[in-house]
Every structure is written in structure tokens, then in C-alpha cells.
Amino acid sequence: MRRSACASKKTGQTNSTNPISCSPSDLFRSASSKASSKEMERIDNLFYFYANRSSGMIDPEGIETLCSDMEVDHTDVRILMLAWKMKAEKQGYFTLEEWRRGLKALRADTVSKLKKALPELEKEVRRPSNFEDFYSYSFCYCLTEEKQKSIDIESICQLLDLVLGSQFRSQVDYFIEYLKIQSDYKVINLDQWMGFFRFCNEISFPDHSNYNPDLAWPLILDNFVEWMQAKQS
Amino acid sequence: MESKTIDFERGWDHVYKGIKQLRRILEGLPEPLFTSGEYVMLYSTVYNMCARNPPHNYSQQLYDKYREVLEEYITSTLSPSLRGKRDEFLLRELVKIWVNHKVMVRWLSRFFNYLDRYFVDYRSLPALNEVGMTCFTDLVYREVQTNIKDAAIVLIGKEREGDRIDCSLLKNVLDIFVAVGMGSMERYEDDFEADMLRDTGAYYSRKASSWIEEDSCPEYMLKCEECLKKERDRVFHYLRSSSEVKLIEKVQHELLVTYIDRLLEKEHSGCRALLRDDKADDLSRMYRLYCKIPRGLDPVADIFKQHVTAEGTALVQAIGAASNAPGVQEHVLLRKIIELHCKYMAYVTDCFQNHNLFCNALKDAFKVFCNNTGTDSSSAELLATFCDDILKKGGSEKLSDEAIEETLENAVKLLAYINDRDLFAEFYRKKLARRLLFDRSANDDHERSVLSKLKQQCGEQFTSKMEGMVTDITLSRENHAAFEDYLRSNSAAHPGIDLTVTILTTGFWPSYKPCNLNLPTEMIKCVEVFKGFYETKTKHKKLTWIYSLGTCNLSGMFDQKTIELVVSTHQAAVLMLFNTSDRLSYSEIMDQLNSTHEDLVRLLHSLSCAKYKILSKQPDTKTISRSDYFEFNSKFTNKLRRIKIPLPPVDEKKKIVEDVDKDRRYAIDAAIVRVMKTRKVLGYQQLVSECVEQLSQTFKPDIKAIKKQIEDLITREFLERDEENPNTFKYLA
């Protein structure tokens with residue numbers, strides 16, 4: 001499990017670059033191709049269309065507008081996937097750098113192109129080689145405060161449903177039920193989050209025949225399995 | 001001696017005459033023995049025939065003649081006498097001719113001695129003695145070896161059945177087997193011992209199979225012991241000592257190993273029954289018999305453990321079920337457990353020779369039921385209460401000093417079986433504090449002896465705080481003397497009341513809730529004066545006052561007579577309020593005192609609803625409510641001049657358990673970090689077992705608690721899970 005995506009600071013600092021000049025850290029210093037600099041211009045313009053004038057970033061309002069323009073619900077998982085593609089640091093905000101990164105990778109410089117790119121993006125994310133990274137990213141993305149290391153149960157339940165619901169429906173349903181009735185934990189940390197992913201992939205469900213509590217599974221999963229076994233008997 | 005060459009024929013003639021003479025002597029014919037002169041002549045003749053240069057050197061011929069003579073002697077005289085003889089007769093005859101043969105060889109060798117000195121070595125030929133032995137072996141031994149072996153074994157068998165046999169005969173026969181080996185035990189072992197052992201095995205196998213059916217376990221064991229003793233005697237009397245180990249092993253195998261399960265499990269007389277009926281002798285015998293057999297004691301120790309566990313568990317259940325009066329029943333339980341422990345410890349020491357297996361069996365058994373009292377209180381608490389009862393004044397024991405020491409010693413021994421040792425320490429500390437502070441300790445020596453026993457059993461760290469507490473009390477007394485000096489030499493310092501302050505070092509004593517009680521002015525003055533004194537002693541330490549632990553002697557001016565009331569400081573604070581007001585409501589008292597509701601209810605209850613009603617309450621109900629009113633009960637009286645108004649202590653049990661749990665979390669945390677710091681990378685299961693090991697002296701940690709702490713350490717970024725293997729952890733520096 002990689003910490004790289006989350007270990008960095010959570011201040012959501014913007015690189016409020018001057019939109020006109022390109023700074024040396026600009027990732028898109030391309031060759032002198034007129035087509036690509038035209039594309040860059042369109043991407044930047046699109047950014048400023050949705051961005052908040054004073055902060056220089058796309059804020060939650062802007063994202064909502066973008067979503068309705070794409071005819072996608074703003075709570076849709078594909079928005080989270082988009083954020084992942086952009087490597088966005090702060091939930092609900094996109095910086096110019098992140099925007100450029102994502103749209104360039106998706107080869108989209110208009111809203112309709114962006115919308116068309118979404119199915120392909122989803123396929124990419126769901127590839128096993130990427131999905132684990134996306135899964136851990138989605139956790140870190142929800143850590144809004146500086147030094148925050150865990151997420152409250154309510155939010156975790158929503159996140160689980162969003163991220164894993166389609167793939168592991170029954171595991172997610174049972175686990176959410178359990179999370180809501182247990183009182184040992186009020187928050188979930190990254191280790192437990194990733195542990196659940198491993199659980200879904202490795203453990204046969206719903207019999208748990210190959211689950212061994214003597215191994216280093218997170219305690220919450222030991223308790224979850226115990227609870228399920230008690231329910232089933 | 002003349003040195004001249006001698007003709008072979010003539011020389012041999014002379015020697016042969018001597019040989020014939022020798023044979024006649026051996027046959028028992030009247031023949032004079034050799035004189036030394038005759039002997040010297042014979043020797044010289046041989047010498048002359050050998051100490052020459054060729055062609056007059058007849059060493060080889062003489063060497064050959066030597067052998068010839070012997071062979072002839074054997075075949076013509078010795079062997080014939082053996083033919084046709086059997087059994088014991090054969091043995092006797094064999095011994096006889098063996099003796100004869102030995103004499104012949106000895107004398108011949110002396111005659112031919114010169115050959116031994118040079119020729120034999122020079123030609124690397126066997127020495128004359130060896131030649132003699134070889135002749136005997138080839139011509140006599142080989143023919144009869146099977147028969148004599150069988151005859152010997154038959155004799156042994158007879159002896160086993162109770163007949164008397166000729167032991168020295170057997171010994172001599174076996175000496176022949178050994179001698180024939182010429183330095184090695186091979187002949188003895190292959191030609192005799194192997195079959196003897198086989199026969200022994202068959203014999204005891206037969207016996208065992210019938211004994212095991214007919215005899216009880218003790219009877220069988222007695223027989224075994226006897227058989228083993230007899231076999232050892234056999235070795236002593238005629239067998240070679242090298243046979244002992246193999247023989248005993250064979251016998252043990254047939255008698256004890258083969259039937260071990262049937263023997264131990266015999267319904268009415270087996271191991272369990274022996275334990276039940278306290279048959280110490282039989283158990284000692286069982287130990288003696290099985291301790292030499294590899295892993296022979298394992299099943300015995302196992303049965304012992306099961307038995308003790310069953311007894312202990314039954315005891316706990318019986319007392320748990322019968323209980324009605326709390327406190328008493330628990331006391332009884334511990335007494336009984338101690339008795340059980342002494343009883344079975346005696347078995348371990350006396351019958352089982354303090355063998356490791358049995359010490360551990362006892363320990364494991366006690367661990368099973370000592371931790372499960374079946375009551376609300378944990379065994380740690382019960383044990384602490386038990387000790388408290390003995391150590392406090394007016395404790396339930398009216399025993400002699402020795403009896404008390406013994407009981408305490410046994411109680412401390414039980415601590416080894418209790419998992420929650422740290423919980424015991426906490427309870428003990430709390431009770432010790434009460435004993436020390438309220439002067440309820442019956443005997444200083446006993447207190448100190450218990451602490452030293454605990455230290456011995458559990459280590460210095462276990463008792464360091466408690467010892468600190470005892471030291472504090474001693475120091476406080478010294479301190480008090482200094483305080484009195486200070487008062488005398490400082491006229492401005494005048495507390496107005498007799499004041500004694502006990503200073504407690506924070507780390508040693510249990511933690512107490514600080515309180516913000518409003519004291520009566522008289523007491524405030526005392527506090528100030530003492531503070532002044534203390535500042536002269538040290539400026540570096542801070543005093544926190546715990547009034548809940550203090551006591552106060554008040555004079556109650558009742559109508560009939562003045563009675564001295566011994567109360568706690570809090571109770572005194574309440575009562576002093578009535579010096580200035582006749583009647584106070586609950587809330588007024590509350591305001592003036594600044595106490596908590598919980599505490600106040602307790603205080604007022606002790607003064608108005610309990611045995612001694614110092615205050616009268618309106619309404620006169622049994623419980624305190626916030627709407628009550630209180631007045632000084634001037635009508636109160638008692639035949640005593642001085643009474644103690646007890647204030648029942650708050651039940652601290654829950655808090656103690658919580659405190660210990662918290663300490664355990666820290667201890668687990670520290671243990672995990674310690675282990676990971678050393679190992680750097682470690683698998684989960686190993687980490688857990690090393691932690692359990694580290695903490696085992698103090699308590700038995702819950703595996704889930706360890707897991708929880710590991711996760712906590714991951715969150716705090718002390719550890720991380722290995723990327724490749726989620727069951728392995730890495731230490732993050």
C-alpha cells in the first residue's frame with residue numbers, strides 16, 4: 001500500500017501561477033507544435049470558465065457546474081476517477097496544474113470531449129493494475145484537514161459504496177451494516193481501508209472459509225467476520 | 001650357563017620330558033612338582049635352541065611344537081571328557097578343563113618363554129598365551145558354545161522361577177565367554193548375551209501379560225520393582241556389568257513400557273485412583289519405576305495435572321454455588337485453594353522428587369482454575385483482599401505469628417498462577433495505602449515480610465512502589481518530629497490544633513482525586529502553617545493536599561456528655577459547619593463545602609442515617625435527598641467516650657480495573673516498539689508471541705489488545721505493513 005499519494009501536505013496549496021506566463025515547473029512544455037499549444041490554450045480557457053475568479057481554482061460550485069454540463073451527477077464515481085487522473089490533492093478543488101494534467105492525459109479540450117473520455121477513463125481505472133492505486137487514492141482524497149489520518153464511519157460507508165459497490169456488492173453491504181452497528185471504532189484509517197480491499201479480493205464470501213484471524217488482518221475485520229458468523233448461525 | 005649349540009633332537013627330547021611330567025601332574029598322578037633347578041634347565045634348553053644363529057636356531061620349530069603340544073593335549077585329554085555331557089554337568093566339566101588348560105598354558109609358556117621375548121615380536125606372530133587361547137577356542141569352545149549357552153540360560157530361567165542355582169559356576173562359565181574374546185567382549189555379547197536378552201524378554205513378556213490381567217496397579221508395580229532388583233542382583237552375582245543396562249532396559253520394556261497405558265488407567269487402582277486415595281507410597285514407587293524410562297513420566301504427569309485441575313475446578317464451583325455471604329465465601333475459597341496447593345505440592349516434593357514435569361503439571365493445573373473464580377471479583381482482587389484481611393488490625397485471623405507467616409507465604413505462592421498479576425499489585429497497593437494511612441496495619445514485620453516475598457517471586461519492579469510507600473510513612477514520622485521542632489522555635493507559627501501531616505511521594509501511592517473542598521478556617525490555618533514549615537525544607541517540591549485521606553478528632557458537645565468523634569476530614573468539615581449554623585439544607589451545605597453530589601450524599605449518610613446519628617435529618621428517611629434539612633443532634637449520646645464514625649469507601653474496583661487496563665495498553669505498546677526496534681522486520685505471529693513472552697511476568701495479554709496496539713502504532717507511523725507481505729511489519733525509525 002503506497003503512502004505516496006497521501007503523505008504529502010494537505011494544505012491544498014494552489015500554484016497560483018500567472019495564467020499568461022508559463023513557469024518552469026509547467027509540465028506541459030511541449031515542442032513547438034502549434035497544435036498542442038492551441039490545445040493547451042483551449043484547456044486553460046476551459047479552466048477559467050469554471051474557475052473561481054478570486055481563488056484561481058475550480059471550487060465545489062465550479063465542479064458542480066462542470067458536472068451538470070457533462071450530464072454526470074457530481075457524486076458519481078467517475079468524478080472521483082477524474083480527480084485521480086488529475087492527481088488532485090484537495091477534495092472539491094482543482095488547480096490549474098491538476099486540470100491541465102488530467103485533460104491533457106485524456107486528450108480533452110472541450111466539455112463534450114471530456115464527457116466522451118469518461119467511459120475510457122473508467123475502464124482504465126478498473127484495470128487491476130490501477131485499481132488498487134485508485135482505491136487508496138480515494139481514501140486520501142477525503143482527508144480534508146491537515147494531519148487528518150482517518151475518516152468517520154458515515155463518510156467511509158458512502159465512499160465504500162461509491163468505490164467498491166459495483167465490484168463487491170454483498171461484501172460492501174454487509175460491511176456497511178456492520179460499521180453502522182459496531183461501537184469499537186468511530187473512524188477508519190488507511191490500513192483498515194486497504195485491509196478491506198485485500199479482504200474482498202482474497203476471502204471467499206460469504207462463508208469466509210479461508211479467513212484466519214490469527215493472521216495480521218485488521219482487528220475490525222476479525223470482529224466483522226465474527227459478527228457475520230454469529231448472524232449466520 | 002654354558003652357551004653351546006645344541007642338536008634339535010636332543011634339545012627337544014629334554015623339553016618333552018618336562019612336558020610329560022607336567023601332564024602327569026595335571027592328571028593328578030603322584031608326581032613331584034618341578035624344582036626351580038629343573039625349571040631353569042628347561043628354560044635354558046629352549047634358550048639354547050633359540051638364541052643361536054642359523055642353522056642352529058630352532059625358534060620356528062619350537063614355536064610350532066608349542067602349538068602341537070597344546071593341540072594334542074586338548075584333543076586327547078580335555079575334549080573327550082566333555083562329550084556326552086549335558087546341562088549343568090557340561091558346564092561343570094567345561095570349567096574344570098578350562099582350569100586345566102590354563103595351567104598347562106601357563107607352565108608351557110614359562111618353559112618356552114624365550115620365544116615370547118624375541119621371536120614372537122620379530123616375526124609378528126601371536127604371543128604364546130594367544131596361541132593357547134586360540135587352541136582352546138578352536139578345539140573346545142566352538143564345539144560346545146551353543147550347548148553351554150543354552151545350559152546357562154536354562155539355569156538363569158530356573159533362578160527366575162525361584163530355584164537356587166550355583167552362581168559361582170555360572171560366573172566361571174561366563175568368564176570363559178569373555179576370555180575367548182581375547183580382549184573384546186564380542187564372544188560374550190554375540191554368543192551368550194544376545195540370546196540371554198531375548199530369553200529374558202520372552203520370559204517377562206509372558207509374566208507381564210498375566211500379571212496385568214490379575215494384579216492391581218500397586219501389586220503389579222511391586223512385582224516390577226522386585227524383578228528389577230533381582231535382575232540387578234543377577235548382574236552382581238554372575239553376569240558381566242556391561243550387561244546391566246541392556247538387561248534392565250529389556251525388563252523395563254516388557255513390564256513397564258508395553259503395558260503403561262493399561263497399568264496407569266486401571267479402573268480402581270490406577271494412577272487416578274492412587275491420587276484420589278492419597279496412596280503416597282504407591283505413587284512414589286510409580287515415580288521410581290518410570291523416571292528411568294525416557295518419556296515414561298509424561299503420562300503420569302498428565303494424569304496428575306488432570307486430577308489436580310479437576311479437584312481445583314470442583315472446589316471453585318462448589319464454593320461459588322454455595323455462596324451467600326460475600327467476602328466470607330471468597331475468603332474460604334482462597335483458604336481451600338491454599339490447602340489444595342499445599343497438599344499437591346507435597347506430592348510433587350515427596351513422591352515425585354520435585355521433578356520438572358510435575359512442577360509444571362501442578363503449575364498448569366492451578367493456572368486453569370485459579371483464574372476463574374466464578375464470582376464477580378477477579379482472583380487477583382480476591383487474593384489482595386485475602387492478604388488485606390490477614391494484615392489489618394482485627395483481621396479475621398486470630399492466629400499465631402508462625403501461622404500468619406505461613407498463610408501469607410502460601411498466598412504469595414498462589415500469585416504465580418494468577419494471570420493478572422498487575423491487577424493484584426494495584427489492588428494490593430490500594431489496600432496497603434488504606435492500612436498505612438489509617439493506621440490499620442496489625443504488624444509491621446508481617447507487612448515487610450510480605451513485600452519481600454513478593455519481591456522474590458515477582459521481581460524488584462513489582463514491589464518498588466509499595467516499598468516506597470512504607471518508606472514514606474517512616475520518613476513522615478521523622479518529618480513530624482522536625483515539624484514539632486519548627487513549631488516550638490517559631491512562635492508565629494501556631495496552627496491552633498494538634499496537626500500531623502503525612503507526606504506521600506506521588507509516584508509510589510495510588511492516584512487520588514484531588515478535591516477542592518472548602519475547609520473550615522481552623523484547618524486552613526493548619527495548612528498554611530505546615531506550608532510555611534515545608535518551604536524551609538525544600539523549595540523544589542509541590543504539595544497537593546488530599547483531604548479525603550485525613551482523619552480528625554472532634555469533640556462533640558452533646559447535651560448529656562461530650563463525646564470524642566473520630567471522623568474523616570471531610571466529615572469534620574461538614575460537622576464544623578454546624579458550629580455557625582443550627583440548621584442547614586442540603587444545598588446550603590453543598591454551597592459552603594464545594595463538594596460533589598456523590599461525595600456529599602455519602603458524607604451526610606454516614607452522619608445521619610447510619611449507626612451513629614450525629615446529625616438529625618428532616619425528613620427522617622433512610623436515604624439522602626437534595627431537599628433534606630440537617631441539624632446538630634444534641635440529644636445524641638453513647639456509653640463510650642470516644643466513637644469512630646466510619647465512612648464507607650467508594651467502590652474503587654471499576655477504577656482500578658480501568659487504570660490497570662490503561663497501564664496494560666502502554667505496556668503492550670512499549671513491548672511492541674521494543675521488539676520491532678530490535679528486529680526491524682518481523683512477521684505478525686512472531687511479533688505477537690514475543691510480546692506475550694516479554695509481558696508474561698506481569699500479565700497475560702489479550703491477543704486482540706496487541707493487535708489493536710499494532711494498528712495504533714501504524715497510524716502513529718511507528719510501524720508499517722510490508723508492501724509485498726501484509727502479514728509482516730517493518731519498523732519505521
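Just so we're on the same page: letters track the sequence lines, and every chain starts at 1.
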Going from [atom1] on [X] to [atom2] on [Y], what distance comes out if it is rounded to the nearest 0.5 angstrom?
X: A:D191; Y: B:I710; atom1: CG; atom2: CD1; answer: 10.5 Å
X: B:I703; Y: A:D222; atom1: CD1; atom2: CG; answer: 11.5 Å
X: A:I220; Y: B:K707; atom1: CD1; atom2: NZ; answer: 11.5 Å

May I ask you to name which of A:L219, A:D184, A:N189 has the most heavy-atom pairs under 4.5 Å with chain B?
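Highest number of heavy-atom pairs under 4.5 Å: A:L219.
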
Would one find more than 12 heavy atoms of other residues, nucleotides or ligands at under 6.0 Å from atom [atom1] of [X]?
X: A:Q229; atom1: CD; result: yes
X: B:K680; atom1: NZ; result: yes
X: A:Q182; atom1: CD; result: yes
X: B:F718; atom1: CZ; result: no
X: A:E202; atom1: CD; result: yes
X: A:K87; atom1: NZ; result: no
X: A:K116; atom1: NZ; result: no

Residue pair [X] / [Y]: nearest heavy atoms and the distance that separates them:
X: B:T715; Y: A:K149; value: O-CD, 3.9 Å
X: B:E711; Y: A:W217; value: OE2-O, 4.2 Å
X: A:A216; Y: B:P726; value: CB-O, 3.9 Å

Tell me whether B:R721 contacts the main-chain N or O of A:G195 through its side chain, where contact means a donor paired with an acceptor under 3.5 Å.
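Here the side-chain-to-backbone pair does not exist.
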
Heavy-atom cut-off 4.5 Å, strictly under: side chain, backbone, both or neither for A:D214 against chain B?
both

